[in-house]
Protein chains: 2
Amino acid sequence: MNYDEAKHKFVSTWGSLGTLWGINKAMAQIQALLFISTEPLSMEDIMAGLQISRGNTSMNLRQLMDWGIVTKEIIPGERKEFFTTEKNVQELARIVAKERSRREIKPVIKVLNEVSSIEDDGNPKTKELIKQTKDLHDLTETMDALINKLVNQKQNWITKSLLKLIG
Amino acid sequence: MNYDEAKHKFVSTWGSLGTLWGINKAMAQIQALLFISTEPLSMEDIMAGLQISRGNTSMNLRQLMDWGIVTKEIIPGERKEFFTTEKNVQELARIVAKERSRREIKPVIKVLNEVSSIEDDGNPKTKELIKQTKDLHDLTETMDALINKLVNQKQNWITKSLLKLIG
DNA sequence: TTAAACTTTCAATAATTATTGAAAGTTTAT
DNA sequence: ATAAACTTTCAATAATTATTGAAAGTTTAA
């Protein structure tokens with residue numbers, strides 16, 4: 001496998017994997033391209049590199065910036081905008097985890113809390129609904145706390161956590 | 001909020017949340033319905049409860065069984081098949097985590113390993129590709145190990161893990 | 001100011017993914 | 001063996017989601 005093949009394989013795998021970390025294909029591919037680039041890329045570079053339209057590139061770059069994964073780079077003497085992504089994998093994982101907690105997990109906890117707080121009318125079906133959603137609420141809240149705990153350890157968090165759990 | 005409203009809110013929220021744990025809407029909704037049901041449900045029950053077709057129900061039940069989340073129940077004297085889901089939330093979380101590791105994370109680790117193992121031709125671009133995909137490979141592998149570690153603690157794993165990390 | 005260089009927006013369109021429903025398949029009872 | 005009761009399959013269709021491209025918007029240089 002040569003450079004171009006490897007690059008293509010990485011970008012497309014990372015793209016189709018987007019769903020795993022909750023973003024769409026183009027978004028993930030742009031991030032992948034920036035992630036292995038030695039220098040900041042312009043919109044033209046990204047359009048050419050992935051064979052996607054200007055509009056698509058623009059919209060997905062915006063989303064990546066909203067997530068805090070990609071930043072604009074000003075290059076002196078250049079009129080165009082250039083983009084870079086967070087290159088440190090641990091920091092990248094921290095950002096993704098925090099955003100998913102905020103965007104997805106927190107809202108679910110809210111709904112589960114509402115549902116599990118309905119009045120118990122004595123009906124077995126109501127009791128079951130309350131019990132099960134309460135359990136799910138507690139689990140989700142604990143997992144969210146766990147994720148935030150892991151993620152706030154900054155330096156080498158994943159490896160450190162693993163060691164703690166093994167020991 | 002009364003029982004029916006709460007039930008509906010739970011089922012539809014859980015459904016649209018399916019993507020978060022990597023399954024589709026109908027699949028997640030069927031699981032939700034079974035999860036709060038006091039007794040096993042037949043295909044008819046599910047079709048009526050979610051207003052979906054027989055084919056859709058059949059296919060998604062199959063997928064849930066493939067995941068190991070739902071099981072067929074034989075009810076004596078009944079010709080129809082009945083279905084139940086794992087009711088324990090911790091056990092449910094374990095199953096989901098294991099399946100996602102197997103289906104999604106492991107294959108990615110493989111690709112990252114292949115890509116990061118290409119020959120270093122001295123070109124800075126190749127060096128960067130190798131370095132970045134190597135880092136991603138190591139991170140993903142460590143996270144996968146962490147997940148499996150967490151998930152294999154059986155009894156009250158999430159709470160236990162949280163305590164370990166805090167202490 | 002003006003115009004060139006660039007980016008954003010968004011309605012139209014394409015691609016993907018989910019759902020239906022009816023025919024084919026299976027099981028059970030007689 | 002037959003038929004009723006049930007489930008599965010899959011081509012057609014619907015719903016959803018992603019992508020395009022051109023017009024509108026913005027910034028910069030002169």
Side-chain angles (χ1 to χ4, degrees), chain A residues 11-34 40-67 70-85 103-104, chain B residues 11-34 40-67 70-85 103-104:
Chain A
V11 171
S12 74
T13 302
W14 207 238
S16 55
L17 199 77
T19 47
L20 205 152
W21 48 295
I23 66 175
N24 79 18
K25 200 181 80 179
M27 211 173 138
Q29 286 187 342
I30 292 172
Q31 200 276 326
L33 200 65
L34 292 171
L41 300 181
S42 70
M43 219 155 93
E44 303 287 337
D45 295 334
I46 295 166
M47 289 166 62
L50 301 175
Q51 301 278 77
I52 59 176
S53 73
R54 186 175 297 282
N56 200 2
T57 307
S58 171
M59 287 172 116
N60 285 110
L61 274 171
R62 165 115 84 105
Q63 283 205 75
L64 284 164
M65 288 188 283
D66 287 348
W67 273 69
V70 162
T71 45
K72 263 186 196 157
E73 198 88 350
I74 306 295
I75 297 198
E78 285 278 9
R79 196 65 182 270
K80 282 189 204 124
E81 294 176 331
F82 286 80
F83 301 90
T84 49
T85 188
R103 290 165 190 245
E104 296 171 305
Chain B
V11 171
S12 74
T13 302
W14 206 238
S16 55
L17 200 77
T19 47
L20 205 151
W21 48 295
I23 66 175
N24 79 20
K25 201 182 78 179
M27 209 174 140
Q29 286 186 342
I30 293 173
Q31 199 276 326
L33 201 63
L34 293 171
L41 300 181
S42 70
M43 219 155 91
E44 303 287 337
D45 294 334
I46 295 166
M47 287 165 64
L50 299 176
Q51 301 277 78
I52 59 175
S53 73
R54 188 175 295 282
N56 200 0
T57 307
S58 171
M59 286 172 117
N60 285 110
L61 275 171
R62 164 115 83 107
Q63 283 206 75
L64 284 163
M65 289 187 283
D66 287 348
W67 272 68
V70 162
T71 45
K72 264 188 197 156
E73 198 87 350
I74 307 294
I75 296 198
E78 285 276 11
R79 196 69 180 269
K80 281 188 205 124
E81 294 176 331
F82 286 78
F83 301 89
T84 48
T85 188
R103 290 165 190 246
E104 296 170 306

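In what follows, chains carry the letters A, B, and so on, assigned in the order in which the sequence lines appear, proteins first and then strands, with residues in each chain numbered from 1. Note that the structure is predicted; figures quoted are calculated from it, not measured.
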query: How far apart are the C-alpha atoms of B:Trp21 and B:Gln31, what are their side-chain angles, what is the distance that settles it, and do they pass the side-chain contact (heavy atoms from CB on, under 4.5 Å) test?
result: CA-CA 12 Å; B:Trp21 48 295; B:Gln31 199 276 326; 4.1 Å; yes

message: Run the side-chain contact (heavy atoms from CB on, under 4.5 Å) test on A:Met43 and A:Leu61 for me, step by step, so that the C-alpha distance in whole Å, both residues' side-chain angles and the decisive distance to 0.1 Å come before the verdict.
response: CA-CA 9 Å; A:Met43 219 155 93; A:Leu61 274 171; 4.2 Å; yes

- request: Check the pair A:Asp45, A:Phe82 against side-chain contact (heavy atoms from CB on, under 4.5 Å), reporting the backbone distance first and the verdict last.
  value: CA-CA 9 Å; A:Asp45 295 334; A:Phe82 286 80; 4.3 Å; yes

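The CD1 atom of A:Ile75 sits 11.5 Å away from the CD atom of A:Glu81 when rounded to the nearest 0.5 Å. To the nearest 0.5 Å, atoms CG (A:Asn60) and CD1 (A:Ile46) are separated by 10.0 Å. Rounding to the nearest 0.5 Å places CG of B:Leu64 at 6.0 Å from CD1 of B:Ile30. With rounding to the nearest 0.5 angstrom, the CD atom of B:Gln51 is 12.5 Å from the CG atom of B:Asn56. Atoms OG1 and CE, on A:Thr57 and A:Met47 in that order, are 5.5 Å from each other to the nearest 0.5 Å.
Across the interface with DNA chain C, nearest-nucleotide mapping of A:Arg79 and A:Met43 shows A:Arg79 to be the residue nearer the 5′ end.
The 12-atom threshold is not exceeded at CZ of A:Arg62, counting heavy atoms of other residues, nucleotides or ligands nearer than 6.0 Å.
Following rounding to the nearest Å, A:Glu44 (CD) and C:dC6 (P) show an atom-to-atom distance of 7 Å. If you measure from atom CG of A:Leu41 to atom C1' of C:dT7, you get 17 Å, rounded to the nearest angstrom. As rounded to whole Å, 9 Å separates atom C1' of D:dT19 from atom CG of A:Asn60. The nearest whole Å value for the distance from the CD atom in B:Gln29 to the C1' atom in C:dA18 is 12 Å. As a whole-Å value, the separation of A:Leu61 CG from C:dC6 P is 16 Å. Regarding B:Glu78, its CD atom lies at a distance of 12 Å from the C1' atom of D:dC6, rounded to whole Å. A:Ile75 has its CD1 atom 19 Å from the P atom of C:dA5, to the nearest Å. In this structure, NZ of A:Lys72 is placed 14 Å from P of C:dC6, rounded to the nearest angstrom.
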- line: With B for base contact, S for sugar-phosphate-only contact and - for none (protein heavy atoms under 4.0 Å), nucleotides 20-26 of chain D reads BB-----

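When distances run from any side-chain atom of B:Lys25 to the nucleotides C:dT9, C:dC6, C:dT19, the shortest one goes to C:dT19.
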- request: Using Watson-Crick or G-U wobble pairs with both distances under 3.5 Å, give me DNA chain D in dot-bracket, 5' to 3', with [ ] for crossers and | for pairs to another strand.
  value: ||||||||||||||||||||||||||||||

